[in-house]
Novice: 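Have a look at the structure that comes next, please.
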Amino acid sequence: MASHRLVDSYGRVADDLRISVTDRCNFRCIYCMPAEGLKWLAREDILRYEEIVRLARIFVERYGVRTIRITGGEPLVRVKLEELIGMINAIDPTLDITMTTNGVLLRQKALALRDAGLKRINISLDTLHMDTFKDMARSDAFDRVMDGITAAREAGLWPIKLNMVVMKGHNDGEVVDFARLAHSEGYEVRFIEFMPLDGDNIWTNEQVVPSRRIQEQIEDQFPLEPVVDTRPGPATRYRFADGAVGGVGFISSVSQAFCTTCNRVRLTAEGGLRTCLFSLHETPLRDLMRSGVSDDHLGSVIEAAIWRKEEGHLINKPGFIKPAKSMSQIGG
Ligand code: SAM
Ligand code: SF4
């Protein structure tokens, strides 16, 4: 039972923990990583599974965290990830353990992940065309990703959310096709605004397609009804008005920031606690853990870091500073 919640100085409660298990990736998405030159963390600098589980246990048992999302980099490039899922599941089998993946290794991994206790999955898919896939992911694994989505479904990892980062001039012509896919196949497609967290420093506001525009295009063909969530999340969610299974969601981090209700906290692969995607500083926990401190000590460091959580990000406002780390190094 949680002794208390992780509250920040603006009254928000952090109960959604995102754990990055690696900074490495087998893709080089243009909105996330540079084509080359990103230096990987050394193996010994990355948290071991036992260290991740120790922190997860503190978040769950002391602070009532109920949702743990595994991310990266590409989480499935980390060896035996299903073992980590099993270890986290053993803390409390009712935990909502989810993962965000590019899907390319799911044919090999989906069943083992489900058996280990993974409850839900988000798969990133930005396009339904091989050539656009090559342009955006800088990989030719389009067919494997599509097959990975099928494998996840066959394994019973359902419902599946598909994450699409919409970039003007790349894939913005496909948003209605994605809504059609959601409508016919029962997926929830989440349209994500391109955020200034790319490794190539190509972000400009002009490339962001505001969620409002996407929604208008979709509603011309597929009328939508809002979903009222009991727990506020980053996505504004809609179901299809005609009752079809599936739906769409919009993550409008740039055009309509959701900072006032943000309940997220992130752990980077090297054990840095980040209270915001756009934080300019992290609270390093790895060396503290390795120096032998108690859970009480770690807890007090975590509580103090959460208390200092930023009021919100400053994208599009004077004073915005892009974090030095790319999305793959933070954990999206
Ligand atoms: N490799 C996995 C994947 O791609 O799903 C997990 C890590 S990835 C960093 C997590 C999510 O962040 C993905 O859905 C990806 O599309 C999204 N993402 C990465 N860079 C982004 C950016 N600059 N703006 C918006 N979303 C981004
Ligand atoms: Fe890799 Fe995911 Fe970043 Fe694409 S978005 S480069 S798949 S970490």
Side-chain angles (χ1 to χ4, degrees), residues 18-38 40-41 69-78 81 98-106 109 113 118 120-127 132-142 144-145 148-149 152 157 160-168 170-172 178 187-205 207-211 214 234-235 249-255 257-258 264 266-269 274 277-278 313 315 322-323 325-332:
R18 301 180 165 239
I19 301 176
S20 172
V21 294
T22 180
D23 59 327
R24 294 176 190 231
C25 188
N26 38 16
F27 289 2
R28 297 286 181 277
C29 302
I30 51 175
Y31 47 73
C32 180
M33 284 179 106
E36 51 193 37
L38 198 65
W40 304 133
L41 290 168
R69 175 172 300 278
I70 304 298
T71 183
E74 172 47 42
L76 293 179
V77 302
R78 182 113 184 223
L81 187 75
T98 73
M99 185 173 71
T100 304
T101 170
N102 65 25
V104 72
L105 295 172
L106 277 176
K109 289 285 183 176
L113 291 166
L118 188 72
R120 296 183 294 124
I121 195 158
N122 285 31
I123 306 172
S124 298
L125 183 71
D126 301 316
T127 175
T132 309
F133 189 90
K134 279 187 185 153
D135 157 48
M136 292 188 74
R138 294 188 280 216
S139 153
D140 54 12
F142 176 69
R144 286 177 64 198
V145 171
I149 296 171
L157 289 167
I160 291 176
K161 289 184 182 154
L162 299 178
N163 286 0
M164 176 194 195
V165 178
V166 185
M167 287 178 80
K168 202 171 280 177
H170 291 272
N171 60 349
D172 52 330
F178 269 80
Y187 299 117
E188 179 171 327
V189 173
R190 292 148 62 103
F191 300 95
I192 304 175
E193 289 178 349
F194 176 30
M195 292 179 255
L197 289 169
D198 56 299
D200 275 333
N201 285 315
I202 57 165
W203 186 90
T204 60
N205 208 4
Q207 291 169 82
V208 179
V209 184
S211 296
I214 302 173
F250 301 95
I251 302 190
S252 320
S253 320
V254 179
S255 67
F258 42 84
R264 297 176 166 192
R266 291 183 155 78
L267 190 63
T268 65
R274 290 180 75 90
L277 268 177
F278 296 93
H313 69 63
I315 306 174
K322 186 175 181 287
K325 288 187 170 179
S326 69
M327 189 70 121
S328 63
Q329 295 169 309
I330 295 169

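Both counts, for ligands and for their atoms, begin at 1 and track the order of listing.
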Novice: Taking non-hydrogen atoms only, is C25 closer than 4.0 angstrom to ligand 2 via side chain, backbone, both or neither?
Specialist: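 It is the side chain that touches ligand 2; the backbone stays farther off.
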
Novice: Considering non-hydrogen atoms of the protein only, which is the closest contact for atom 24 (N) of ligand 1, and what is the distance?
Specialist: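 The answer is M195 N, 2.9 Å.
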
Novice: For N163, take its heavy atoms, then give the atoms of ligand 1 lying under 4.0 Å from any of them.
Specialist: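 The atoms of ligand 1 under 4.0 Å from a heavy atom of N163 are 14 (O).
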
Novice: I'd like to know if the side chain of E74 pairs up with that of T101 as donor and acceptor (distance under 3.5 Å, no hydrogens or angles considered).
Specialist: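 Distance-only check passes for E74 and T101.
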
Novice: Out of all atoms in ligand 2, which are within 4.0 Å of some heavy atom of N102? Include the element for each.
Specialist: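 Checking each atom against N102, I get 7 (S).
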
Novice: Which atoms of ligand 1 have any heavy atom of I192 under 4.0 Å away?
Specialist: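 That gives atoms 25 (C), 26 (N) of ligand 1.
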
Novice: Can you report which non-hydrogen protein atom sits closest to atom 2 (C) of ligand 1, along with the distance?
Specialist: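 It is E74 OE1, 3.4 Å.
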
Novice: Should D126 be counted as touching ligand 1, given the test is an N or O pair under 3.5 Å?
Specialist: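 No, D126 has no N/O under 3.5 Å of an N/O on ligand 1.
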
Novice: When you measure from the side chain of K322 to the backbone N and O of D198, does any donor-acceptor pair fall under 3.5 Å?
Specialist: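 Judged by distance alone, yes, a pair lies under 3.5 Å.
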
Novice: Any donor and acceptor pair, going by atom type alone, linking the side chain of D23 with main-chain N or O of L41 inside 3.5 Å?
Specialist: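 Answer holds: yes.
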
Novice: Using a 4.0 Å cut-off to any heavy atom of T71, which atoms of ligand 1 qualify?
Specialist: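 Counting from 1, the qualifying ligand atoms are 6 (C), 7 (C).
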
Novice: With heavy atoms of M33 as the reference, note each atom of ligand 2 found under 4.0 Å away.
Specialist: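 Close to M33: 6 (S).
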
Novice: Quick one: does S326 get a heavy atom under 4.0 Å from ligand 1?
Specialist: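 It does not, in that no heavy atom of S326 comes within the 4.0 Å cut-off of ligand 1.
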
Novice: Do R138 side-chain atoms and M33 backbone N/O form a donor-acceptor pair below 3.5 Å?
Specialist: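 Yes, because the side chain of R138 sits within donor-acceptor range (under 3.5 Å) of the backbone of M33.
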
Novice: Among protein heavy atoms, which sits nearest to atom 9 (C) of ligand 1, and what does the distance come to when rounded to 0.1 Å?
Specialist: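 The closest one turns out to be M327 CG, 3.4 Å.
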
Novice: Nearest non-hydrogen contact with atom 4 (Fe) of ligand 2 belongs to which option: G73, C29, S20?
Specialist: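 Result: the heavy atom closest to atom 4 (Fe) of ligand 2 is in C29.
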
Novice: So which heavy atom in the protein is nearest atom 3 (Fe) of ligand 2, and how far is it from that ligand atom?
Specialist: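 Result: C32 SG, 2.4 Å.
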
Novice: What is the distance from atom CZ of F27 to atom OG of S124, rounded to the nearest 0.5 Å?
Specialist: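 Separation between the atoms: 9.0 Å.
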
Novice: Identify the closest protein heavy atom to atom 4 (O) of ligand 1: which residue and atom is it, and at what distance?
Specialist: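 Among all protein heavy atoms, the one nearest atom 4 (O) of ligand 1 is S124 OG, 3.4 Å.
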
Novice: Taking R190 for its side chain and M164 for its backbone only, find out whether a donor-acceptor pair lies under 3.5 Å.
Specialist: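 A pair under 3.5 Å: no.
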
Novice: What part of T100, side chain from CB on, backbone N/CA/C/O, both or neither, has a heavy atom under 4.0 Å from ligand 1?
Specialist: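 Both backbone and side chain.
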
Novice: I need the I30 CD1 to H170 NE2 distance, nearest 0.5 Å.
Specialist: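 Separation between the atoms: 4.0 Å.
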
Novice: For a quick check under 3.5 Å, do Q329 and T268 share a side-chain donor-acceptor pair by atom type?
Specialist: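 Note: Q329 and T268 side chains miss the donor-acceptor criterion.
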
Novice: Spell out, as yes or no, whether a donor-acceptor pair under 3.5 Å connects the side chain of R274 to the backbone of L277.
Specialist: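 A pair under 3.5 Å: yes.
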
Novice: Taking only heavy atoms of Y31, which atoms of ligand 2 are found under 4.0 Å from at least one of them?
Specialist: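 Per the distance check, 5 (S).
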
Novice: Mind telling me whether F191 and F250 have parallel, tilted or perpendicular rings, with 30° and 60° as the class edges?
Specialist: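 Answer is parallel, since the angle falls under 30°.
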
Novice: Identify, for atom 21 (C) of ligand 1, the protein heavy atom at the shortest distance, and state residue, atom and that distance.
Specialist: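 Residue, atom and distance for the closest contact: Y31 CD1, 3.6 Å.
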
Novice: Nearest heavy atom to atom 1 (N) of ligand 1 wins, so pick from P196, S253, G73, G72.
Specialist: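 Going through P196, S253, G73, G72 one by one, G73 has the nearest heavy atom to atom 1 (N) of ligand 1.
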
Novice: Quick one: does ligand 1 sit under 4.0 Å from the side chain of T101, the backbone, both or neither, non-hydrogen atoms only?
Specialist: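 Within the 4.0 Å criterion, T101 contacts ligand 1 through backbone atoms alone.
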
Novice: Does ligand 1 have an atom under 4.0 Å from some heavy atom of E193?
Specialist: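 E193 counts as a contact of ligand 1 under the 4.0 Å cut-off.
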
Novice: Determine, using heavy atoms of M327 and all atoms of ligand 2, whether some pair is separated by less than 4.0 Å.
Specialist: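 Distance cut 4.0 Å: M327 fails for ligand 2.
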
Novice: Whether the T98 and R69 side chains hold a donor-acceptor pair (N or O, under 3.5 Å, no angle test) is what I'd like checked.
Specialist: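 Side chains of T98 and R69: pair found under 3.5 Å.
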
Novice: What's the spacing between S255 OG and E193 CD if we round to 0.5 Å?
Specialist: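 If I round to the nearest 0.5 Å, the distance is 3.5 Å.
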
Novice: Among protein heavy atoms, which lies nearest atom 26 (N) of ligand 1, and at what distance?
Specialist: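 Here the nearest protein heavy atom works out to V165 CG2, 3.5 Å.
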
Novice: Verify whether one side chain among Y31 and D126 offers a donor that lies under 3.5 Å from an acceptor in the other.
Specialist: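 On atom types as modelled, these side chains qualify, holding a pair under 3.5 Å.
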
